[in-house]
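We count residues from 1, following the sequence as given. Each ligand, and each atom within it, is numbered from 1 in the order the structure gives.
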Amino acid sequence: MKDKDRILILGIESSCDETAASILENDKVLANVIAGQDIHQNYGGVVPELASRAHQQNIVPVVHEALTRAKVNKNDLDAVAFTAGPGLLGALLVGTSFAKGLALGLDIPLLNVNHMQAHVLAHFIRNSAADELPALPMLCLTVSGGHTQLLIVRSPLEFELIGQTTDDAAGEAFDKAAKVMGLPYPGGPLIDKLASQGDENMFRFPVSSLPGLDFSFSGLKTSLLYFLRDHLKKDPQFLEKYKADIAASFQKAIIDALLSKLIQASEETGIKCIAIAGGVSANSGLRNRLQEVSKKRNWELHVPAFEYCTDNAAMIGIAGYYLFKAKRFAPKDISASARMPL
Ligand code: KG4
Ligand code: ZN
């Protein structure tokens, strides 16, 4: 295969409840299409079987829409990148099978992407010539619905995991708290919104601190549960009266825990190029506090654009671009995996 200046990659994401497709020209996004799945709201969480079926329904129209918006003919694609894991197996298999079939039909390479690496690589998208690449090594805090990871990014293909959650992920903690407070799924964005109207110092929720750079969030959820149970016994209107203050105080506890480990990691490694990634990186409280800490500590801070925080296929496309350049193509017998180490 000849090296080309203009590489066109189709990215496909189907690891959870978003069916997404992107077209990238090198590291620039030409189209980024996402179809959400409202059906899960009725169940208070993602129902795997329903997610797989919705992916099956959405995938062809979503890919078609991405090609149309990018004004790219499928015959001009150079490769197909897809999420191979981690995620819901049935959901992943829809994207994997589609990507394999398309790459085989077009006789172009297939690129298997690790979803968690892709969240980080969203920082390597350059939509304009003015966009600078992050300085490496970079320290990244990836906070999503299923993972909380602290990692050193040595290159777009080299990652070192230095800390992670031992139980619930940060996004999961947000979602579980929202559920306890009677809010629909996914609760993270709703807590974020409520928190902006509340007093974060009104209540105190303890976060267990683990040694080293690991996180634990399951105790936080339990403390909220007991807190509400005790207060509601005395005042049935308690939750309604203090919803925004509870959301703000709970959010502060998560942010404090995340930031204290991020600061510790920066001090221990000496790395001052800092990034956040994943769905929870859309949280306005986290983004604001990080700006403050960053200024004080002289960090080079990278916060993703909102469209690249939660699951999307642009991040799969950029990860595919770097794999393509390194000629790290997927083997023909590639399959998806629900669990996949970083
Ligand atoms: O990265 P992501 O889209 O999917 C996974 O890979 O898991 O992350 C989804 C998570 C959900 O838990 C959702 O509640 C959380 O990100 N999230 C937020 C916000 N937006 C999404 N959490 C807090 N504040 C937000 N603004
Ligand atoms: Zn994700």
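Protein N/O/S atoms nearer than 2.8 Å to the Zn ion (ligand 2) total 3.
Of the protein's heavy atoms, G145 N, 2.8 Å lies nearest to atom 7 (O) of ligand 1. Looking only at heavy atoms of the protein, atom 17 (N) of ligand 1 is closest to G279 O, 3.6 Å. Closest to atom 14 (O) of ligand 1 among all protein heavy atoms lies D175 OD1, 2.6 Å. The protein heavy atom nearest to atom 2 (P) of ligand 1 is D311 OD1, 3.3 Å.
Close contacts of ligand 1 with D192, meaning ligand atoms under 4.0 Å from a residue heavy atom, involve 24 (N), 25 (C), 26 (N). Residue contact check: T310 has heavy atoms under 4.0 Å from atoms 3 (O), 21 (C) of ligand 1. Ligand 1 places these atoms under 4.0 Å from at least one heavy atom of H115: 6 (O). Of all atoms in ligand 1, listed by their number and element, those nearer than 4.0 Å to a heavy atom of H119 are 1 (O), 6 (O). Listed by number with element, the atoms of ligand 1 under 4.0 angstrom from any heavy atom of G171 are 12 (O). Counting the atoms of ligand 1 from 1 in the order shown, those under 4.0 Å from a heavy atom of G188 are 14 (O), 18 (C), 19 (C), 22 (N), 23 (C), 24 (N), 25 (C).
Looking at E18 against ligand 1, nothing comes within 4.0 Å, counting heavy atoms. By the criterion of a heavy-atom distance under 4.0 Å, both the backbone and the side chain of N283 are placed next to ligand 1.
Between the side chains of H55 and D17, not a single donor N or O lies within less than 3.5 Å of an accepting N or O. Counting only N and O atoms by type, the side chains of D167 and S216 include a donor and acceptor under 3.5 Å apart. At a cut-off of 3.5 Å, with distance as the only test, a side-chain donor of S284 or D192 sits close to an acceptor on the other residue. A donor-acceptor contact closer than 3.5 angstrom links the side chains of E13 and T83. A donor-acceptor contact closer than 3.5 angstrom links the side chains of N283 and Q251. Of the N and O atoms on the side chains of E292 and S294, not one donor lies less than 3.5 Å from an acceptor on the other residue.
A continuous path of Ile, Leu, Val, Met, Phe, Trp and Tyr side chains, each step under 4.5 Å between heavy atoms, connects I316 with I7, placing both in one hydrophobic cluster.
To the nearest 0.5 Å, atom CD1 of residue I191 and atom OG of residue S196 are 12.0 Å apart.
Between the side chain of R287 and the backbone N or O of S281, at least one donor-acceptor pair lies under 3.5 Å. No donor-acceptor pair closer than 3.5 Å links the side chain of N26 to the backbone N or O of K28. T310 places no side-chain N or O within 3.5 Å of a backbone atom of G279 that could act as its donor or acceptor partner.
Residue contacts with ligand 1: G146 is included, with a non-hydrogen atom under 4.0 Å away.
Between F203 and F205, the angle of the ring planes lies from 30° to 60°, which puts this pair in the tilted group.
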